[in-house]
Amino acid sequence: MSNVILSIDTSAGTSIAVVKDGTVLSSRSTPDTMRHAEIIGSFIHEVLSEAGIASSEVTHVAAGMGPGPFTGLRVGIAAADAFAFGAGAILLPMNSHDAIALEFLDTDPENNVAVTTDARRKEEYVSFYTGLDDQGCPIRAHGPAIQKPGEYIVTDSAYVQATEVPASWLGVLAERMLVAGRAFLPFEALYLRSPDVTMSNGPKRVVQEMRGGQK
Amino acid sequence: MNRDAPLVLGIETSCDETGIGIVRGRELLANVIASSMDEHARYGGVVPEVAARAHLEALRPALTEAVATAGIRLEDLDAVAVTSGPGLSGALMVGVGAAKALALSLDKPLYAVNHLVGHVGADVLGEEGPLEYPTIALLVSGGHTSLLLVRDLTSDVELLGETIDDAAGEAFDKVARILGLPYPGGPQIDRVAAEGDPKAIRFPRGLTLPKDMEKHRYDFSFSGLKTAVARWVEVRRDAGEEIPIADVAASFREAVIDVLTSKTIAACKDYGVPRLLLGGGVVANARLREVAQQRADSAGVELRIPAFSLCTDNGAMIAALASELIMEGAEPSSLNFGADSTLPVTDIHVH
Ligand SMILES: [Zn+2]
């Protein structure tokens with residue numbers, strides 16, 4: 001039986017592709033990081049129509065689990081999970097950096113490559129790869145981990161910023177991993193950081209505040 | 001598509017409840033609610049990022065449970081519905097992304113609807129028969145405090161007033177903290193207040209002075225009340241006095257409920273509308289229901305309160321509103337709508 005993979009990644013912009021038995025049938029991508037929720041529906045619709053694939057024919061849904069900015073990242077993961085649920089397809093949670101590594105290493109399988117995502121606050125997410133294995137899957141030697149820029153440096157390594165994550169390569173990798181019998185990630189978004197909340201130490205005093213505000 | 005009694009699955013993720021509901025026409029088949037309330041307890045209020053993360057995890061289990069409870073097959077659905085707004089944008093986006101993909105995976109039409117109007121729509125699922133119009137609706141929760149004039153559920157809803165600062169539910173949470181009570185504050189205040197005297201302390205009624213009433217006749221404000229409670233408590237704590245927690249809680253609760261119900265009944269009278277619908281999680285407050293009933297009775301207003309599981313945020317109300325739209329021939333939404341954190345009530349159905 002054929003593997004028909006709908007691949008979805010919103011860890012950077014929005015990228016969607018259909019990959020059948022390792023061949024990319026269609027794809028849509030935009031680097032826009034502000035409109036994931038608006039765009040995702042039409043993109044899914046368009047890639048399926050262009051590929052001539054009915055929703056019920058989709059056997060797997062590859063989901064880029066990040067790392068990436070929280071709000072946008074979740075739109076794609078939620079969509080992938082819901083599509084898999086509706087179509088009765090198998091969800092394949094994946095590391096988004098792996099797709100970029102594969103795109104880079106596909107033409108140069110002996111090279112080293114570090115993939116980075118800006119994590120803001122002077123930090124970045126880094127995954128480091130040392131080439132492709134026998135099955136054509138990137139060998140991840142480190143990460144994804146959050147660190148200061150320059151903290152993890154490998155000489156002779158290429159660096160690629162994950163400003164656009166190609167769902168087409170994510171889908172191609174999903175196919176290779178399926179064929180090779182590789183394990184996919186658990187269903188957990190790769191936030192790599194706790195929610196930004198500071199614990200309050202009880203209610204603030206108002207009497208003082210009021211006095212402070214008066215002259 | 002069946003437009004007589006459509007089978008609709010609704011997805012609601014506007015705040016801290018992941019709601020999946022399934023209705024057939026006006027019949028409720030499933031109403032699954034997964035709340036992340038416990039995760040917010042340590043912060044003393046809803047943390048948007050925590051809520052959004054919880055939605056993503058809760059979505060699939062809630063979908064699975066709702067479909068099983070309703071005893072339907074997904075392919076039998078006539079449509080998928082989702083809350084487009086108002087609400088927390090990161091939380092809304094999880095539902096919007098999921099709903100679009102679910103609709104596409106099933107080749108079903110998608111209806112994006114308004115959360116606040118959904119609260120009103122929940123009423124059609126009750127056993128008392130369809131709501132008559134027009135009706136005034138008071139929606140009170142941790143996220144909103146809104147007074148609506150509903151001339152028609154699917155086509156004509158007007159916002160008469162809303163809170164200009166904190167939502168009523170938020171005020172309960174904050175005062176609970178002042179009194180050293182746990183989150184969520186509503187049930188805690190309610191519990192403690194049972195032993196207290198509601199007339200012990202006269203706390204301010206926000207936006208009820210004549211000058212405020214001109215501009216904010218149907219608006220609410222609870223920030224000043226919260227500060228007044230804090231000041232009252234601090235002054236006595238500083239003086240080493242024991243705080244009569246039950247009296248403070250009862251008096252605070254009375255102030256909130258007095259303002260909510262008096263402005264609402266005033267709206268019924270001003271607009272000559274003899275019907276009132278309550279919705280939102282604060283409806284769980286027994287004293288609110290009691291005072292609302294008394295004041296509605298003496299004003300000759302029929303009061304309706306849906307079952308509590310339909311008052312808190314839920315997916316069934318979203319499915320119910322979409323079902324009404326479908327029965328009236330409304331066309332599905334496009335695939336291009338987004339999450340709108342400030343969606344006005346006049347946008348009942350987002351295209
Ligand atoms: Zn609500």
Side-chain angles (χ1 to χ4, degrees), chain A residues 6 8 10 14 16 34-49 54-56 58 61 65 69-89 91 187-189 191 193-200 202-210, chain B residues 11 13 42-45 47-53 55-57 59-60 63-64 67 74-75 77 80 84 89-108 110 174-175 177-180 226-231 233-235 238 333-339:
Chain A
L6 174 66
I8 300 178
T10 59
T14 299
I16 320 265
M34 300 304 291
R35 292 168 39 83
H36 299 99
E38 287 86 344
I39 290 166
I40 198 156
S42 345
F43 272 19
I44 295 175
H45 180 66
E46 286 168 26
V47 293
L48 289 171
S49 331
S55 300
S56 55
V58 173
V61 181
M65 303 300 284
F70 315 151
T71 310
L73 173 63
R74 270 190 296 264
V75 173
I77 298 175
D81 192 32
F83 194 99
F85 175 77
L91 185 74
F187 184 72
E188 277 167 29
Y191 297 119
R193 178 178 286 163
S194 303
D196 285 331
V197 271
T198 40
M199 294 282 280
S200 159
K204 281 184 236 145
R205 284 187 59 90
V206 292
V207 175
Q208 227 167 19
E209 283 171 16
M210 302 300 292
Chain B
I11 300 178
T13 64
R42 49 199 281 247
Y43 308 111
V47 181
E49 176 62 22
V50 172
R53 290 184 180 197
H55 285 308
L56 186 62
E57 289 163 26
L59 210 56
R60 173 85 78 121
L63 281 166
T64 307
V67 169
L74 279 175
E75 53 266 39
L77 285 173
V80 175
S84 165
S89 72
L92 287 165
M93 278 184 221
V94 175
V96 169
K100 287 183 178 180
L102 181 63
L104 287 164
S105 74
L106 297 165
D107 283 321
K108 304 294 182 186
L110 176 61
K174 288 176 176 172
V175 167
R177 277 170 76 80
I178 290 165
L179 296 177
K226 172 202 70 190
T227 307
V229 174
R231 192 180 306 135
V233 169
E234 277 172 27
V235 166
D238 290 351
S333 303
S334 76
L335 280 174
N336 304 318
F337 67 89

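From a predicted model like this one, the values you see are computed outputs, not experimental measurements. First the proteins, then the strands, lettered A, B, ... as listed; each starts at 1. The figures that follow rest on heavy atoms only: side chains count, while hydrogens, waters and symmetry mates do not.
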Distance (rounded to the nearest 0.5 Å) between B/Met93 CE and A/Glu38 CD: 7.0 Å
Distance in Å, A/Asp81 CG paired with B/Leu56 CG, rounded so as to fall on 0.5 Å steps: 7.0 Å
Residue selection (most heavy-atom pairs with chain A, distance under 4.5 Å) from [options]:
{"options": "B/Ala52, B/Gly44, B/Gly338", "result": "B/Ala52"}
{"options": "B/Thr64, B/Leu110, B/Val96", "result": "B/Thr64"}
{"options": "B/Ala91, B/Ala101, B/Ser105", "result": "B/Ser105"}

Let me know if [X] has heavy atoms under 4.5 Å from chain A in its side chain, its backbone, both or neither.
{"X": "B/Val67", "value": "side chain"}
{"X": "B/Leu74", "value": "side chain"}
{"X": "B/Leu59", "value": "side chain"}

Side-chain touch A/His45/B/Lys100, heavy atoms, less than 4.5 angstrom: no
Residue part contacting chain B, namely of A/Phe187, when any heavy atom lies under 4.5 Å: side chain
Which atoms of A/Ile8 approach chain B - backbone, side chain, both or neither, heavy atom under 4.5 Å: neither
Flag, side chain of A/Ser55 to backbone of B/Leu104, donor-acceptor distance under 3.5 Å: yes
Selection from A/Ile40, A/Leu91, A/Ile77, A/Leu6 maximising heavy-atom pairs under 4.5 Å formed with chain B: A/Ile77
Heavy-atom pair of closest approach, residues A/Ser42 and B/Asn336: OG-OD1, 2.6 Å
